[in-house]
Number of protein chains: 2
Amino acid sequence: MDAGDGLRVVAERPNSRATMKDVARVAGVGVGTVSRVVNGKSNVSEESIAAVNAAIERLGFRRNDSARMLKTGATASIGLLVEDVADPFFSLLNRSVEEEVLRRDSVLLTASSDKDPNRARKMILTFCARRVDGLVITLPEGGDEEYLRAELDAGTSMVFVDRPPRELDVDTVIVDNRGGARTGVEHLIGYGHRRIACFTDRPDLYTASERIAGYREALEEAGIPFDPELVFSSATTREPVDEPLGRMLASDDPPTAVFAGNNRTSINVIGALRIHNTSLAIVGFDDFELADVVVPGITVVAQDPKAMGQIAMRMLYKRLDGDVSPSQTVTLNTRLIVRGSGELSRDAVLAAR
Amino acid sequence: MDAGDGLRVVAERPNSRATMKDVARVAGVGVGTVSRVVNGKSNVSEESIAAVNAAIERLGFRRNDSARMLKTGATASIGLLVEDVADPFFSLLNRSVEEEVLRRDSVLLTASSDKDPNRARKMILTFCARRVDGLVITLPEGGDEEYLRAELDAGTSMVFVDRPPRELDVDTVIVDNRGGARTGVEHLIGYGHRRIACFTDRPDLYTASERIAGYREALEEAGIPFDPELVFSSATTREPVDEPLGRMLASDDPPTAVFAGNNRTSINVIGALRIHNTSLAIVGFDDFELADVVVPGITVVAQDPKAMGQIAMRMLYKRLDGDVSPSQTVTLNTRLIVRGSGELSRDAVLAAR
DNA sequence: TTGAAAGCGCTAACAT
DNA sequence: ATGTTAGCGCTTTCAA
C-alpha cells in the first residue's frame with residue numbers, strides 16, 4: 001500500500017462503513033452539520049442538506065446506532081421474554097408488543113425462556129447489558145427473581161405479563177385465571193354435569209394452579225365433591241393424556257365433561273377423546289384457531305393476548321415517560337365463547353353411552 | 001451540591017449505572033483490569049478478580065454493550081424479518097432461528113413486515129443502523145429490493161427465507177412449493193378426482209403463484225382441463241371463502257376435491273365446507289396444529305419451518321465466519337402427510353351427495 | 001448556520 | 001500482572 005513513494009493510497013475500505021466524518025469530508029462540511037442533517041434538525045441550510053444527502057447516498061452511509069446509543073444513553077429498544085415465541089398465545093402477545101414498539105420507533109429484542117429460569121436470567125441480563133429501555137417479562141416458575149432487583153434499582157423499567165412476580169414491586173398484567181376457570185366449570189355444571197375431569201399443565205405453574213383453584217371453587221360452590229382421580233396435570237403433550245383419560249372413562253363413575261386448562265391441553269384432550277371414541281362435554285381455557293371448525297365447536301374461556309400486550313406496553317411507556325406512581329396490577333377478564341362442546345348436557349352424554 | 005465549602009459531594013447517581021471506571025475505583029484497580037475480569041481474560045491475579053467482582057456486585061455494574069459494540073464493531077446480534085411473528089409458520093421459524101442465535105450467544109431482533117414493503121424496508125434499515133451481524137429476511141412482494149444492495153456492499157450478510165430475491169445475489173432457503181403442490185394435487189387425482197378446486201393466497205405472492213403453478217402442472221399431466229372457475233385466490237381470511245365455495249358447489253359440474261394453498265386457507269375451507277354442510281376430499285399446503293384432530297384428519301403437504309431456520313442460520317454464520325463462496329439456494333422438499341381428508345375418493349364424495 | 005472539540009464507556013495496544 | 005491511554009462514531013455544547 002504505502003509503497004514508500006510518499007503517495008497516500010486512499011483505500012476504498014471494503015467491508016467498513018462510511019462514518020459521519022467521511023460524509024463530512026465528501027460533502028465539504030463539518031461533522032456537526034452532518035449530524036444535524038441526519039437527525040433532521042431545523043437549522044441547516046438547504047445547500048448543506050443537499051450536499052450531505054448526496055454524500056450519504058454516494059457513500060452508502062448509515063448512522064451507527066451503537067455510537068448514538070453510547071452518546072445519548074437511549075437505546076430505543078425493548079426486550080421481550082416469553083415462554084416460547086412459537087406458542088400460539090405468546091406469538092400473539094409478541095406481535096401485539098411489536099406493534100406498540102414500532103409506534104415508538106424502537107426495536108424489539110425477543111427471547112424464549114423455554115420455561116427454564118436460567119435461560120430466562122441469561123437473556124434478561126443480556127438485554128440489560130444492551131441497555132434496553134424496558135423489559136416485558138413472563139418469568140418462568142421456580143427460579144430466583146432477586147437479580148431483577150438490581151436492574152430495577154438501576155432504573156430499568158419492566159412489566160410482568162401472564163404471571164405476577166413473587167416479591168418484586170413491578171407493574172403486572174395478568175388475566176383472571178381463577179375466575180375464568182370457575183366460569184367455565186360453572187357453565188358445565190349448568191348443563192347438569194357433576195363428574196367433571198380437569199386436564200391442566202403442571203400445577204407448580206402459576207396459571208395452572210390458579211385455573212385448578214377456579215375449577216375447585218366452582219365444584220365447591222355447587223356442592224360437588226372434589227375427586228383427585230379426575231385431575232390430570234401434565235397434559236401439555238399429547239401422549240400422556242390418552243391413558244389417564246381412558247382410566248377415568250373406565251372407572252365406576254366416569255366423567256361426563258372435561259375442563260381443559262389451556263389451548264394445548266384442549267387439543268390433546270380432543271385427540272384423546274377421538275382415540276377413545278367417546279364424546280364428552282368440554283370447555284377449554286384459551287381460544288385457538290380451529291376451535292370453531294371442529295364439530296362440535298369448542299367452547300372456550302378466552303384470553304386476549306393482544307390486549308395484554310397493548311396494556312403492558314402502555315404501562316411500560318408511562319414509566320419510561322417518567323411516571324413514578326406506585327406499581328399496578330391489571331387483571332383482565334376472560335370471555336366465555338360458546339360454540340357447542342360446552343353445551344352438551346349430562347343427559348345427552350349419558351344417552352350416547 | 002457543591003455548596004462552595006470545598007467539599008465534593010459524591011452523589012449516589014441514582015438512575016445512572018456504574019461504569020468500569022467506577023468499578024475500578026471501588027476495587028482499587030485500573031479499568032484495564034476490570035475489563036479483563038469482566039471478559040474472563042486469563043492473565044489476572046486471583047486477588048484482582050475477587051476485588052473487581054466484589055465491586056461489581058456492590059455497584060450492580062453491568063457492562064454497557066453499546067460501548068463495547070462501538071469499540072469492537074461486533075454487535076453479536078441478528079435481525080429477523082418475517083411476514084408476521086404470530087403466523088403459525090413464521091413463529092416456528094422465529095423460534096428455530098432464535099435457537100441458533102442463542103447458540104452463538106447473540107441476540108435476536110425481530111419484526112413483522114405485515115406484507116408491507118415499506119414497513120419491511122424501514123425495519124431492515126433500522127437493523128442495519130444497529131449494525132446487526134446478519135439478516136434473515138422474508139421480503140414482502142411488490143417492493144423495491146435495491147436498497148439492500150448497499151447493505152450487502154457494506155458487508156452485511158443476509159439470507160432470504162421462504163421466497164427468493166428478485167435480483168440480489170444472496171443465499172436463499174425456500175421449499176419446493178411447486179413440486180409440493182403438484183404432489184398434493186396428484187394425490188387427489190389418484191383418488192379419482194377430476195374436478196379439484198384451488199383456494200390460495202393472492203397470486204402475486206411468490207409462494208402462492210408457485211403453488212398454483214404446481215396445481216396446474218398436476219392437472220395438465222393428468223390431462224385434466226384447467227378451469228379458472230375452480231380457483232379462488234383471496235382465501236386468507238374466512239368470510240371471502242364461503243361464497244365462492246358455495247358457487248362452485250352449486251355449479252353444473254361441482255368439485256369433488258379441494259387443494260388449499262396454505263394453513264390459513266385450509267382452515268377457512270374446512271370452516272366453509274361445514275357451513276355448506278358438504279364434505280369434499282381436501283389436501284392442504286402447510287401442516288397445522290389440529291390437522292390430525294378434526295375428522296377426518298387433514299392430509300397436508302408439510303413444510304419444515306424449523307429446518308428452514310436452522311439451515312438459514314447455518315448459511316448465515318458460514319458467511320460471518322468468512323466464507324465468500326458463491327451464494328447458494330437451498331430448496332427443501334415437502335412431505336405429504338396422509339390423514340384421511342385427502343383419501344376420500346371421488347366415488348365416495350359423489351355417493352354422499 | 002456552522003465548525004471545532006469534548007466525551008459517552010468500552011477495548012486493546014503499550015508501557016511498566 | 002496491571003495501569004494508562006487512544007480512539008471507536010456519534011451528539012452536543014460552545015464560539016464564531
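Quick note: numbers below take in every heavy atom, side chains included, and nothing from hydrogens, waters or symmetry partners. Numbers restart at 1 for each chain; the letters A, B, ... are given by sequence-line order, proteins then strands. Keep in mind that what you see is a predicted model, and the values were worked out from it rather than measured.
Between B:Met20 atom CE and C:dC8 atom P there is a gap of 15 Å when expressed in whole angstrom units. Taking atom CG on A:Asp22 and atom P on D:dC8, their separation rounds to 11 Å, with Å as the unit. We find that CZ of A:Arg25 is positioned 14 Å from P of C:dA4, with the value rounded to whole Å. Spacing between atom CZ of B:Arg62 and atom P of C:dG9 amounts to 17 Å, rounded to whole angstrom units. D:dG9 atom C1' lies 12 Å from atom CE of A:Met69, rounded to whole Å. When rounded to the nearest whole Å, the span between NZ of A:Lys71 and P of D:dC10 equals 13 Å. Rounding to whole angstrom units, CG of residue B:Leu70 and P of C:dC10 are separated by 12 Å. If you take CG of A:Asn64 and C1' of D:dG7, they are 14 Å apart, rounded to a whole angstrom.
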Donor-acceptor pairs are to be reported for all side-chain atoms of residues 43-51 of chain B against protein atoms at under 3.5 Å, with residues two or more places apart or in another chain.
{"from": "B:Ser45", "atom 1": "OG", "to": "B:Ser48", "atom 2": "N", "distance (Å)": "3.1"}
{"from": "B:Ser45", "atom 1": "OG", "to": "B:Ser48", "atom 2": "OG", "distance (Å)": "3.0"}

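Cation-pi check for A:Arg17 over A:Phe61 is not met; the charged atom does not lie both under 6.0 angstrom from the ring centroid and within 45 degrees of its normal.
Between B:Arg63 and C:dT11 there is a side-chain N or O to OP1 or OP2 distance below 4.0 Å.
For A:Thr19, taking side-chain heavy atoms from C-beta onward, the closest of the listed nucleotides D:dC10, C:dA12, C:dG9 is D:dC10. Here the nucleotide nearest the side chain of A:Thr72, chosen from D:dT11, D:dC10, C:dC8, is D:dT11.
Counted by atom type alone, B:Ser327 and B:Asp169 present one or more donor-acceptor pairs between their side chains at under 3.5 Å. For B:Ser325 and B:Asp323, the side-chain atoms include at least one donor-acceptor pair closer than 3.5 Å.
The stretch residues 29-59 of chain B touches DNA chain D through B:Val29, B:Gly30, B:Val31, B:Gly32, B:Thr33, B:Arg36, B:Asn43, B:Val44, B:Ser45, B:Ser48, each having a heavy atom within less than 4.0 Å of the strand.
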Run the numbers on B:Leu152 and B:Leu168 for side chain to side chain contact (heavy atoms under 4.5 Å, CB included), then give the verdict. CA-CA 9 Å; B:Leu152 234 24; B:Leu168 259 25; 3.9 Å; yes
For A:Asn64 and B:Arg130: C-alpha separation, side-chain torsions, deciding distance, then whether side chain to side chain donor-acceptor pair (under 3.5 Å) applies. CA-CA 6 Å; A:Asn64 183 330; B:Arg130 307 294 243 238; over 6 Å; no
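The side-chain hydrogen bond (donor to acceptor under 3.5 Å, both in side chains) contacts involving residues 311-321 of chain A comprise A:Arg104-A:Asp321, A:Asp171-A:Arg319, where partners must be two or more places apart or lie in separate chains.
Residues passing the salt bridge (Lys or Arg N to Asp or Glu O under 4.0 Å) test with A:Arg68: none are found, sequence neighbours excluded. Residues satisfying the salt bridge (Lys or Arg N to Asp or Glu O under 4.0 Å) criterion with A:Arg119, sequence neighbours excluded, are B:Glu98, B:Glu99.
Evaluation of atom-type donor-acceptor distances gives no pair under 3.5 Å for the side chain of B:Lys21 against the base of C:dG9.
The C1' atoms of five pairs define one axis at each end of the helix from C:dT1-D:dA16 to C:dT16-D:dA1, and these two axes lie 40° apart (to 10°).
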